[in-house]
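All remarks here apply to the structure that follows.
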Amino acid sequence: MTEVLPYILLDSGNLRKLEQAGPYRIIRPALNAFWRPVLPEKEWEAADGVFERNSSGGGRWHWQNGRSPERWQLSWGGFQLEIKPTNFGHLGFFAEQHSNWEKFRNLSGQWGDLSGYKALNLFAYSGIGSMSMAAGGFGSVCHLDASRGMIEWGRENLKINPEVPDRIRWIADDVMKFCRREVRRESKYQLIALDPPTFGRGSGGQVWKIEEDLPKLLALCREMYDKNSPFIISLSCHSPGFSELVFEHLLRDVFGRKGKFSCREMTIPESTGRLYPAGICAELTID
């Protein structure tokens with residue numbers, strides 16, 4: 001059996017990051033890495049692949065030494081992951097989410113038996129957050145993403161992690177449409193996680209703009225939380241202009257003053273000893 005190698009952030013700087021993505025060393029843009037790299041240039045020159053972004057928001061991969069992989073596997077955050085480099089420079093997971101996955105996996109230590117609890121993961125991407133919820137003991141996990149391709153990717157990730165209980169409902173739909181239906185059905189959840197993009201399109205072409213639509217979505221989340229049990233809403237974001245205070249004002253405006261608010265910067269540990277900053281995550285916990 002082939003060994004599945006880990007993901008390692010090796011270095012960053014000069015608006016780029018050097019990553020060991022399993023068997024492949026790659027370079028991708030890092031638009032907030034204004035500092036200088038630590039590792040010598042020869043380490044960067046040894047990269048197998050480089051992603052170059054274009055003005056339209058997409059880009060192109062350039063692979064060295066005749067290597068042009070379409071897919072492979074690596075390990076990160078306690079899971080084995082299916083990797084497929086995309087035309088947007090993504091690999092199929094966001095490494096900075098590892099702290100959220102750990103939180104979801106360990107909620108039973110805070111709440112006890114979760115077998116009667118439900119979790120909802122919005123903008124759920126390739127399924128790792130949803131797998132964390134299932135692995136943590138939630139009796140039911142709803143995974144929602146507008147892309148059917150991402151739903152299939154999530155199923156692939158679940159398949160190569162057989163230790164994760166198969167308690168996930170995979171749904172491709174527009175987030176606002178789905179949540180409105182859940183409110184009408186009086187569905188209730190004890191955990192709601194969302195990682196909204198700045199801009200996006202739903203499964204039917206619906207436009208998402210975070211500054212307009214996030215408050216509306218949070219209001220729907222308020223209608224879906226079970227007031228008779230503990231509840232956490234976990235909101236992560238990479239959009240400019242969204243700070244800790246902005247998140248606190250948004251969540252308090254919707255959920256009121258009750259509950260404990262916390263916020264942290266999401267980071268990826270670097271082999272140099274530094275932490276690479278990659279967005280923020282806010283949580284409101286109501287016991």
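Between Leu10 and Glu43, the closest side-chain pair of non-hydrogen atoms is not below 4.5 Å. Contact check for Phe93 versus Ile83: side-chain heavy atoms found under the 4.5 Å cut-off. By the 4.5 Å heavy-atom criterion applied to side chains, Tyr189 and Cys221 are not counted as neighbours. Between Leu81 and Ser75 there is no side-chain heavy-atom pair separated by less than 4.5 Å. Two residues are said to be in side-chain contact when any heavy atoms from C-beta on lie closer than 4.5 Å; Met224 and Ile192 meet this criterion. The closest side-chain heavy-atom distance from Leu284 to Ser262 is not below 4.5 Å. Annotation: side chain of Asp113 is in contact with side chain of Ser115 (closest heavy-atom distance under 4.5 Å). The shortest side-chain heavy-atom distance between Phe261 and Cys263 falls under the 4.5 Å cut-off.
Residues Ala134 and Val164 approach most closely at CB-CG1, 3.9 Å, considering heavy atoms. Taking every heavy atom of both residues into account, Lys159 and Pro162 meet most closely at O-CD, 4.1 Å. In plain terms, the two heavy atoms of Pro196 and Leu235 that are nearest each other are CD-CD1, 3.8 Å. Shown here for Pro215 and Leu250, the closest heavy-atom pair between the two residues is CG-CD2, 4.0 Å. Shown here for Glu223 and Val183, the closest heavy-atom pair between the two residues is CB-CG2, 3.8 Å. Closest heavy-atom contact between Ser239 and Pro197: OG-C, 4.3 Å.
A chain of hydrophobic side-chain contacts below 4.5 Å, direct or via other Ile, Leu, Val, Met, Phe, Trp or Tyr residues, connects Met131 to Phe138. Ile171 is connected to Val175 through a chain of hydrophobic side-chain contacts under 4.5 Å among Ile, Leu, Val, Met, Phe, Trp and Tyr, so both are in one cluster. No continuous path of ILVMFWY side-chain contacts below 4.5 Å connects Ile168 to Met150, so the two sit in separate hydrophobic clusters. In the hydrophobic clustering of ILVMFWY residues, with side-chain heavy atoms under 4.5 Å counting as a link, Ile268 and Trp101 come out together. One hydrophobic cluster, built from ILVMFWY side chains closer than 4.5 Å, cannot hold both Leu144 and Leu191; they sit in different ones.
Rounding to the nearest 0.5 Å places OG1 of Thr86 at 7.5 Å from CG of Leu91. Rounded to the nearest 0.5 Å, atoms CZ (Arg155) and CD1 (Ile160) are 15.0 Å apart. Atom-to-atom distance recorded for Phe88:CZ and Arg28:CZ is 14.0 Å, nearest 0.5 angstrom. Separating the OG atom in Ser99 from the CZ atom in Phe104 is a distance of 9.0 Å, to the nearest 0.5 Å. Taking CD of Glu19 as the start and OH of Tyr276 as the end, the distance is 8.5 Å to the nearest 0.5 Å. For the atom pair NZ (Lys177) and CZ (Arg181), the distance works out to 6.5 Å, reported to the nearest 0.5 Å.
Salt bridge annotation for Asp287-Lys260: absent, with no cationic side-chain nitrogen under 4.0 angstrom from a carboxylate oxygen. Look at Glu102 and Arg105 and you find no salt bridge, because none of the NZ, NE, NH1 or NH2 atoms lies under 4.0 Å from a carboxylate O. A salt bridge links Arg71 and Glu156; the closest N-O separation between the charged side-chain nitrogens and carboxylate oxygens is under 4.0 Å. Salt bridge Glu70/Lys84: absent, no basic N to carboxylate O contact under 4.0 Å.
Counting heavy-atom neighbours within 6.0 Å of Arg36 CZ, excluding the residue itself, gives a total of 12 or less. Atom CZ of Arg60 has 12 or fewer heavy atoms from other residues, nucleotides or ligands within 6.0 Å. Within a 6.0 Å sphere centred on CZ of Arg148, heavy atoms belonging to other residues, nucleotides or ligands number 12 at most. The environment of Glu186 atom CD is sparse: at most 12 non-hydrogen atoms of other residues, nucleotides or ligands sit within 6.0 angstrom. In this structure, Lys42 places its NZ atom where only 12 or fewer heavy-atom neighbours from other residues, nucleotides or ligands lie under 6.0 Å away. Other residues, nucleotides and ligands contribute over 12 non-hydrogen atoms within 6.0 Å of the CG atom of Asn106.
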side-chain contact (heavy atoms from CB on, under 4.5 Å) for Gln97 and Met266? Distances and angles first, verdict last. CA-CA 7 Å; Gln97 290 282 346; Met266 294 188 294; 4.0 Å; yes
Would Asp48 and Ile26 count as a side-chain contact (heavy atoms from CB on, under 4.5 Å) here? Give the steps. CA-CA 6 Å; Asp48 300 295; Ile26 61 173; 5.5 Å; no
Run the side-chain contact (heavy atoms from CB on, under 4.5 Å) check on Arg16 and Leu18 step by step: do they pass? CA-CA 7 Å; Arg16 302 186 303 168; Leu18 178 66; over 6 Å; no
side-chain contact (heavy atoms from CB on, under 4.5 Å) between Trp76 and Ile8: does it pass, once the steps are laid out? CA-CA 9 Å; Trp76 177 247; Ile8 305 169; over 6 Å; no
Carefully, step by step, assess Lys103 and Glu283 under the rule salt bridge (charged side-chain N to carboxylate O under 4.0 Å, His left out). CA-CA 11 Å; Lys103 170 87 174 184; Glu283 292 178 351; 3.6 Å; yes
Determine, step by step, whether Glu265 and Thr267 satisfy the side-chain hydrogen bond (donor to acceptor under 3.5 Å, both in side chains) criterion, reporting the C-alpha distance in whole Å, the side-chain angles of both residues, the deciding distance to 0.1 Å, and the verdict. CA-CA 6 Å; Glu265 190 164 20; Thr267 61; over 6 Å; no
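Separation of the Phe94 and His90 ring centroids falls under the 6.0 Å cut-off. Here Phe199 and Trp208 keep their ring centres 6.0 angstrom or further from each other.
In this structure, the side chain of Asp145 engages the main chain of Tyr125 through a donor-acceptor pair within 3.5 Å. Formation of a donor-acceptor pair under 3.5 Å by the Arg252 side chain with backbone atoms of Arg257 is found in this model. Using modelled atom types, no side-chain atom of Trp72 and backbone atom of Pro23 make a donor-acceptor pair closer than 3.5 Å. The main-chain N or O of Met176 is never found under 3.5 Å from a side-chain atom of Lys216 such that the two would form a donor-acceptor pair. Without hydrogens or angle criteria, Ser126 side chain to Trp153 main chain gives no donor-acceptor distance under 3.5 Å. Under the 3.5 Å distance criterion, the side-chain polar atoms of Gln20 are matched with a main-chain donor or acceptor of Gly22. Counting only distance, with no hydrogens or angles, the side chain of Asp195 and the backbone of Leu122 share no donor-acceptor pair below 3.5 Å. Of the possible donor and acceptor atoms, none in the side chain of His249 sits under 3.5 Å from a partner among the backbone N and O of Glu244.
Using modelled atom types, one finds a donor on one side chain and an acceptor on the other under 3.5 Å when comparing Ser130 with Asn121. With hydrogens and angles left out, the side-chain atoms of Asp226 and Tyr117 include no donor and acceptor closer than 3.5 Å.
Taking the six-membered ring for Trp and thresholds of 30 and 60 degrees, Trp170 and His143 have ring planes inclined between 30 and 60 degrees apart. By the 30° and 60° cut-offs, the orientation of the rings of Phe255 relative to Tyr225 is tilted. The aromatic rings of Trp61 and Trp63 lie parallel to each other, their planes meeting at an angle below 30°, with 60° marking the opposite boundary.
The one candidate from Arg25, Lys17, Arg274 that meets the salt bridge (charged side-chain N to carboxylate O under 4.0 Å, His left out) condition with Asp11 is Arg274.
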